[in-house]
Structures are given as structure tokens and as C-alpha cells.
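Only one structure is covered here, and it is reproduced in the block below.
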Amino acid sequence: MIRPNKLKQALAKQQAVFGIFCSTPSPMVVEMIGCAGFDFVIIDTEHALVNPETLENMVRAAEVVGMTPLVRVSENAPGPILRALDAGAQGVVVPRVRGAAEAERAVRASRYYPDGERGMGTGRAARFGGVNLPEYVKQANAETLVVVMIEDQAGVEDIDAILQVPGVDLVLEGSADLSQSLGIPWSTRHPRVREALYRVQAAARARGIPFCAIPRAMEDSVSWWEQGVRAFVAGDERGVAFRALQAQLRPYQQLSTERTERDVTEGVP
């Protein structure tokens, strides 16, 4: 038996789930994210350099704390997808899916026959061959999450066809790249970007496929919740850590500035 995918189960029940990208190549950071209470982590190998051994240990760290590990692969290709799943990831996040053919490619690479053509292996995902392998194939097909990221205008325009591809389990928005595709880079809350994201979410809802939002402000979270969205990614752990470090330092800097100005005024050497 392989581990049940708790994230997939929660999505099927329309329960609220919260995740975060992890771009720091460190199992300890993944473990800390799980201890903080997140339901899932997206280990990023698209915008971060993570070697295969470290990736496997980051997946292990998520397992230790009972958190669902997903991997955003570097590209929509069988090699990166196979390596992520063989490392034990319970799903892959496939970037920049622009059409149905690309969604089909991602599904085929993520699942075994008859649902796909994932390469056969007996590594840690299959408990090193210590399970009934034909049964493992069935279980892996059932438990693996295939997440397509819609990050381009082409993907928005072809969203209905993308969602008709059997095996697409979750749609994740990518407002940053989408804003660039629309000619307004980093305007992630621009009305045109929002309109495009709402179009994607509405199409997913119509087909009964969960949609995952990456809110840029708390009011965005409220809006998505009212639209029926129950899956959220709370940014990237580097950004969270950076802002927390700034917030920790700021009072000390303010104290230093105030005391220095006072000393100058009072003529303190």
C-alpha cells in the first residue's frame, strides 16, 4: 500500500486546504512548514536549484510531518516529472500549460498504463519493490495529483479544452507570468489579470475541477472564498521569511535612529 493522498481527499470533499511554495533546498525548511500547520507544500524546481538527492529528502521531510508533498517541475517533460514522482512526491505541478495537448502530455508522464506511460521503477515510491507492483500501479494512478498551472493568455483562452483532458486534478493560477503574457508585467491585481483568473476559475468550477488561488492580498482571499475556492497557496517561503526578517529588524533600526538623533540634539559624543 502507498500513502493515501490527503490533499486529494480534502479537495474531493471541498475542504479548505493551505499550501506554500518552498524554494529553499532544505529538508528542515519543509519540516518547519509542516510544523507550522500547512496542508501541502510545493517544492519548486522550476525557479530554484534543487539537486535530486536534496529533493528526495525534502519529500521525506514532508512525509515525516504528515504534509502532502508536491513538486513544481522545471518543464512539462517526462524526465522531470518521473524524477519528482520517483522521489515520492504525491503530485506534480506543471508550469505554463497552454493547451489541451500540453495537459495530455503532463497526464501521460504522471500516470502508468492504462492512464499514461510513466516509466516503471521500483524505487522509494514503490517501497523499493516491497509491495505488489501491479497493485501499486493502480494505487499510484489513483493517488497522484496532476496540477496544471495556467500562466499564459493562451492557456486562459483554451481553458475549456484543457479541463476536458482526463486526469487533470487541480488548476493552479499563475498571475505573475499571466500579467506578463497580457503585457502588464507584475501587475498581478490588474483588472485584466483578475478577469482572466475568474474565467479560469469559473471554467474549473463548471467541470467540477478544484481551482487553487495564490492571493496577493487578504481581500483577494475573501473574494476567492466567496467564489467557492477552498485551496490556497500562501506565496513563497522565501518571501514570507524576508518580510518577517524585515519586520523583526525594523524596530531596532527605528530605535537606533531615534537615539542617534536624540544624542546629536543633546550633544552626546
Side-chain angles (χ1 to χ4, degrees), residues 2-48 50 54-73 84-85 87-95 124-125 143-149 151 169-176 188 197 201 204 209-225 227-248:
I2 65 173
R3 292 177 299 109
N5 191 322
K6 294 194 296 183
L7 175 59
K8 195 168 188 178
Q9 293 175 350
L11 291 170
K13 296 175 183 177
Q14 297 184 326
Q15 297 174 341
V17 288
F18 306 96
I20 193 169
F21 280 101
C22 180
S23 301
T24 305
S26 166
M28 184 181 69
V29 173
V30 172
E31 185 179 8
M32 184 166 55
I33 289 170
C35 289
F38 283 89
D39 301 293
F40 65 99
V41 62
I42 303 175
I43 301 168
D44 191 7
T45 65
E46 182 191 19
H47 291 290
V50 184
T54 299
L55 175 63
E56 188 173 287
N57 285 328
M58 293 171 76
V59 170
R60 281 194 182 95
E63 294 169 354
V64 167
V65 290
M67 180 172 56
T68 300
L70 307 179
V71 173
R72 177 160 69 174
V73 294
L85 294 176
Q90 292 191 284
V92 289
V93 176
V94 182
R124 72 178 306 266
E143 298 295 341
T144 299
L145 263 173
V146 178
V147 186
V148 296
M149 286 197 77
E151 307 180 83
D169 299 302
L170 178 65
V171 179
L172 176 62
E173 57 113 324
S175 59
T188 55
L197 295 181
Q201 188 266 334
I209 296 175
F211 174 89
C212 184
I214 308 177
R216 303 292 170 163
M218 187 50 63
E219 52 263 39
D220 297 337
S221 304
V222 174
S223 177
W224 282 124
W225 186 273
Q227 293 290 326
V229 174
R230 295 296 181 267
F232 299 89
V233 169
D236 179 291
E237 107 289 355
R238 293 176 304 183
V240 172
F242 179 75
R243 289 187 292 274
L245 289 168
Q246 281 188 317
Q248 183 74 10

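Numbering of residues begins at 1 and proceeds along the displayed sequence.
Pairing each heavy atom of Pro69 with each of Gly88, the nearest pair is CG-O, 4.4 Å. Nearest heavy-atom pair, Ala87 versus Arg124, reported as atom, atom and distance to 0.1 Å: O-NH1, 2.8 Å. The heavy-atom pair separating Ala10 from Val17 by the smallest distance is CB-CG1, 3.6 Å. Nearest approach of Cys212 to Val233, heavy atoms of both residues: SG-CG2, 3.6 Å. Taking every heavy atom of both residues into account, Ala84 and Leu55 meet most closely at CA-CD2, 4.4 Å. In terms of heavy-atom proximity, Ser175 sits nearest to Arg216 at OG-NH2, 3.1 Å.
Within a 6.0 Å radius of CD in Gln14, other residues, nucleotides and ligands contribute 12 heavy atoms or fewer. Counting heavy-atom neighbours within 6.0 Å of Glu219 CD, excluding the residue itself, gives a total above 12.
Distance alone, capped at 3.5 Å, is enough to place a donor-acceptor pair between the Lys6 side chain and the Gly66 backbone. Between the Asn57 side chain and the Thr54 main chain, no donor and acceptor come within less than 3.5 Å of each other. For Glu143 (side chain) and Asn5 (main-chain N/O), a donor-acceptor pair under 3.5 Å exists by modelled atom type.
From Thr188, atom OG1 reaches atom CD1 of Ile214 across 10.0 Å, with rounding to the nearest 0.5 Å. For the atom pair CZ (Arg3) and CD (Glu63), the distance works out to 4.0 Å, reported to the nearest 0.5 Å. Separating the SG atom in Cys22 from the CG atom in Asp236 is a distance of 8.0 Å, to the nearest 0.5 Å. If you take CZ on Phe18 and CG on Asp39, they are separated by 7.0 Å, rounding to the nearest 0.5 Å. The distance from atom CG of Leu170 to atom CZ of Phe40, rounded to the nearest 0.5 Å, is 7.5 Å. In this structure, Ile20 CD1 and Asp44 CG are separated by 12.0 Å, a value rounded to the nearest 0.5 Å.
Under the side chain to side chain donor-acceptor pair (under 3.5 Å) criterion, Asp169 pairs with Arg111, sequence neighbours left out. Residues meeting the side-chain contact (heavy atoms from CB on, under 4.5 Å) test with Ala213, sequence neighbours left out: Glu173, Phe211, Pro215, Trp224, Val229, Phe232. Contacts of Ser26 classified as side-chain contact (heavy atoms from CB on, under 4.5 Å), with partners at least two apart in sequence or in another chain: Thr24, Met28, Val29.
For the pair Val30/Met67, a side-chain contact is recorded, criterion being any heavy-atom separation below 4.5 Å from C-beta on. Side-chain contact check for Glu151 versus Pro95: some heavy-atom pair is nearer than 4.5 Å. Counting only heavy atoms from C-beta outward, the side chains of Cys35 and Met32 never approach each other to under 4.5 Å. Using a 4.5 Å heavy-atom cutoff, the side chains of Met149 and Arg72 are in contact. Proximity of Leu7 to Leu70: side-chain heavy atoms (C-beta onward) are separated by under 4.5 Å at one or more points.
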- Message: Run Val71 and Val50 through side-chain contact (heavy atoms from CB on, under 4.5 Å) and show every step you take.
- Response: CA-CA 11 Å; Val71 173; Val50 184; over 6 Å; no

